[in-house]
Amino acid sequence: MAGWMSNLNNNIAALARTQAQQALLEDVGSGDLCAPLLSTEVTTAQLICRQAAVLCGQLWFEECFRLQDENAVFKWSVAEGDDLRIDDSSDSIDNIICQITATATALLAGERSAINFLQTLSATATVARQWQRAAGDNVKIMDTRKTIPLLRQAQKYAVRIGGAHNQRYGLYDEILIKENHIRAGGGIAATLKKAQQLTATAPQIEVRNNDELQQAVAAGATRILLDNFSLAATKAAVASVPATIEIEASGNVQLENIAALVACGVDRISIGALTKNIQAVDFSLQVNDNE
């Protein structure tokens with residue numbers, strides 16, 4: 001997994017540019033029909049945020065305008081990953097987080113795509129930070145593959161900006177043996193043995209109850225995911241296995257019970273909601289009057 005995480009760090013700018021190009025192709029297509037209505041002069045616009053959030057997606061936001069006007073200039077008052085603490089009742093100067101200088105045609109053509117990226121990635125980072133803060137420093141909050149199609153890399157980047165952690169990227173970089181793999185693979189012991197022969201990285205195996213847990217331990221599992229265990233069952237499971245075994249909890253996890261789950265002694269908690277149960281952050285762009 002370290003390989004793709006490293007690549008994600010190194011290639012995030014290229015990723016943002018590529019995805020911005022695709023978004024503009026989808027939205028602008030052969031050209032903005034409103035462009036002839038606009039002045040060709042350079043003007044300014046203000047990016048406003050109306051709610052508390054974690055800012056994420058600056059590169060995507062900027063690329064949507066730079067691809068329309070390579071001379072676009074951005075003046076941010078906040079940095080990527082900052083907590084935005086703003087007055088959600090007004091569009092005052094205190095809520096302006098970026099000033100953009102570009103041609104009016106570039107600002108209007110790039111506006112929707114830029115904000116779509118920013119509102120989605122900021123939402124993901126905001127949820128990730130909320131969960132990781134609730135869990136504390138001793139347990140890792142992990143994302144899953146339950147991402148928006150074609151935005152997985154971007155959302156996993158946002159999860160990290162929010163302070164949480166990335167699970168495997170896809171089916172190709174790490175083995176997680178799930179219920180259907182066990183059914184199709186001949187049982188826990190047989191499937192785990194095959195997996196251990198396939199990769200140098202210890203596979204993770206999902207178990208649904210204490211009987212499956214003990215089978216996995218007996219078969220040599222070192223990374224176990226407890227699927228939909230109750231709090232009592234989770235606590236008992238952690239107590240019943242060697243401390244060297246990494247235990248991850250998943251399923252039916254709520255912010256209201258996260259502290260109790262952490263207290264059970266798990267090492268990691270995977271949360272699909274980090275990337276799928278998100279609500280777009282309220283951003284808007286206001287272009288200055290052309291007088």
Side-chain angles (χ1 to χ4, degrees), residues 5-28 42-86 88 91 93-103 106-130 132 143 147-148 150-164 166 274-275 278-288:
M5 288 176 66
S6 175
N7 288 338
L8 186 58
N9 281 335
N10 294 336
N11 298 328
I12 197 66
L15 173 68
R17 187 171 185 84
T18 297
Q19 292 184 327
Q21 289 172 329
Q22 294 168 340
L24 291 171
L25 180 61
E26 175 184 61
D27 195 37
V28 180
V42 171
T43 186
T44 58
Q46 288 75 40
L47 175 68
I48 293 170
C49 185
R50 297 187 179 90
Q51 67 183 91
V54 176
L55 181 67
C56 183
Q58 286 180 321
L59 285 174
W60 285 262
F61 181 85
E62 291 183 3
E63 286 296 341
C64 287
F65 297 111
R66 284 205 179 98
L67 287 165
Q68 304 288 327
D69 178 359
E70 63 182 9
N71 296 315
V73 175
F74 303 85
K75 184 178 180 181
W76 293 91
S77 60
V78 290
E80 186 88 330
D82 278 358
D83 287 303
L84 304 180
R85 307 182 187 281
I86 50 186
D88 60 6
D91 291 343
I93 190 69
D94 294 334
N95 292 357
I96 295 174
I97 61 174
C98 184
Q99 179 172 285
I100 309 101
T101 302
T103 63
L107 289 171
L108 273 294
E111 173 187 8
R112 185 68 269 155
S113 297
I115 291 178
N116 283 349
F117 280 119
L118 202 65
Q119 68 186 15
T120 301
L121 299 184
S122 294
T124 303
T126 300
V127 173
R129 183 159 298 173
Q130 183 181 28
Q132 189 62 68
D143 61 18
T147 54
I148 297 172
L150 304 181
L151 283 184
R152 182 170 294 173
Q153 280 193 349
Q155 282 198 285
K156 282 184 172 286
Y157 163 79
V159 165
R160 295 172 63 191
I161 289 295
N166 294 147
L274 300 190
T275 50
I278 58 173
Q279 182 174 351
V281 176
D282 188 0
F283 292 101
S284 67
L285 194 73
Q286 295 186 354
V287 177
N288 289 356

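For reference, positions follow the sequence shown, starting with 1.
Listed by chain and number, the residues in a side-chain contact (heavy atoms from CB on, under 4.5 Å) with Gln130 are Leu255 (sequence neighbours excluded). For Gln58, the side-chain contact (heavy atoms from CB on, under 4.5 Å) partners at least two apart in sequence or on another chain are Leu55, Trp76, Glu80. Applying the side-chain hydrogen bond (donor to acceptor under 3.5 Å, both in side chains) test to Glu111 and every residue at least two apart in sequence or in another chain returns nothing. Scored by the side-chain hydrogen bond (donor to acceptor under 3.5 Å, both in side chains) test, Thr44 finds Asn288 as partners (sequence neighbours excluded). Remark: Val73 engages Thr101 in a side-chain contact (heavy atoms from CB on, under 4.5 Å) (not counting sequence neighbours). Looking at residues two or more places apart in sequence or on another chain, you find a side-chain hydrogen bond (donor to acceptor under 3.5 Å, both in side chains) between Thr124 and Gln155. Here Phe65 pairs with Phe61 under the ring-ring contact (aromatic ring centres under 6.0 Å, His included) rule; sequence neighbours left out.
Between Leu24 and Gln68 the shortest heavy-atom distance is CD1-NE2, 3.5 Å. Residues Ala280 and Gln51 come closest through the heavy atom pair O-OE1, 3.9 Å. Of all non-hydrogen atoms in Ala20 and Phe117, the two that sit nearest each other are CA-CE1, 3.9 Å. Between Cys56 and Ala125, the shortest heavy-atom contact is CB-CB, 3.8 Å. The nearest pair of heavy atoms linking Ala154 to Leu15 is N-CD2, 4.1 Å. Between Ile278 and Ala123, the closest heavy-atom pair is CB-CB, 4.0 Å.
Ser77 has its side chain out of reach of Ile96: every pair of non-hydrogen atoms, C-beta onward, lies at least 4.5 Å apart. Taking the side chain as every heavy atom from C-beta outward, Asn116 and Phe283 never approach each other to under 4.5 Å.
Judged by distance alone, with hydrogens and angles left aside, the side-chain atoms of Asp143 form no donor-acceptor pair with the main-chain N or O of Lys156 at under 3.5 Å. The closest donor-acceptor contact from the side chain of Thr43 to the backbone of Val287 lies at 3.5 Å or more, if one exists at all.
Annotation: salt bridge (charged side-chain N to carboxylate O under 4.0 Å, His left out) contacts involving residues 16-28, sequence neighbours excluded, comprise Arg17-Glu63. Counting only residues at least two apart or on different chains, the salt bridge (charged side-chain N to carboxylate O under 4.0 Å, His left out) pairs with a member in residues 64-77 are Glu62-Arg66. Within the structure, salt bridge (charged side-chain N to carboxylate O under 4.0 Å, His left out) contacts touching residues 115-129 (residues at least two apart or in different chains) are Asp83-Arg129.
Rounded to the nearest 0.5 angstrom, Thr126 OG1 and Leu84 CG are separated by 7.5 Å. Here CG of Leu118 is found 9.0 Å from SG of Cys98. Values are rounded to the nearest 0.5 Å. Here the straight-line distance linking atom OG of Ser284 with atom CD1 of Ile115 works out to 6.5 Å at 0.5 Å rounding. One distance of note links OG1 of Thr147 with CD of Gln153; it measures 10.5 Å at 0.5 Å rounding. Distance check, rounded to the nearest 0.5 Å: CZ of Arg160 to CD of Gln132 gives 13.5 Å. Here the OH atom belonging to Tyr157 is positioned 8.5 Å from the CG atom belonging to Leu121, to the nearest 0.5 angstrom.
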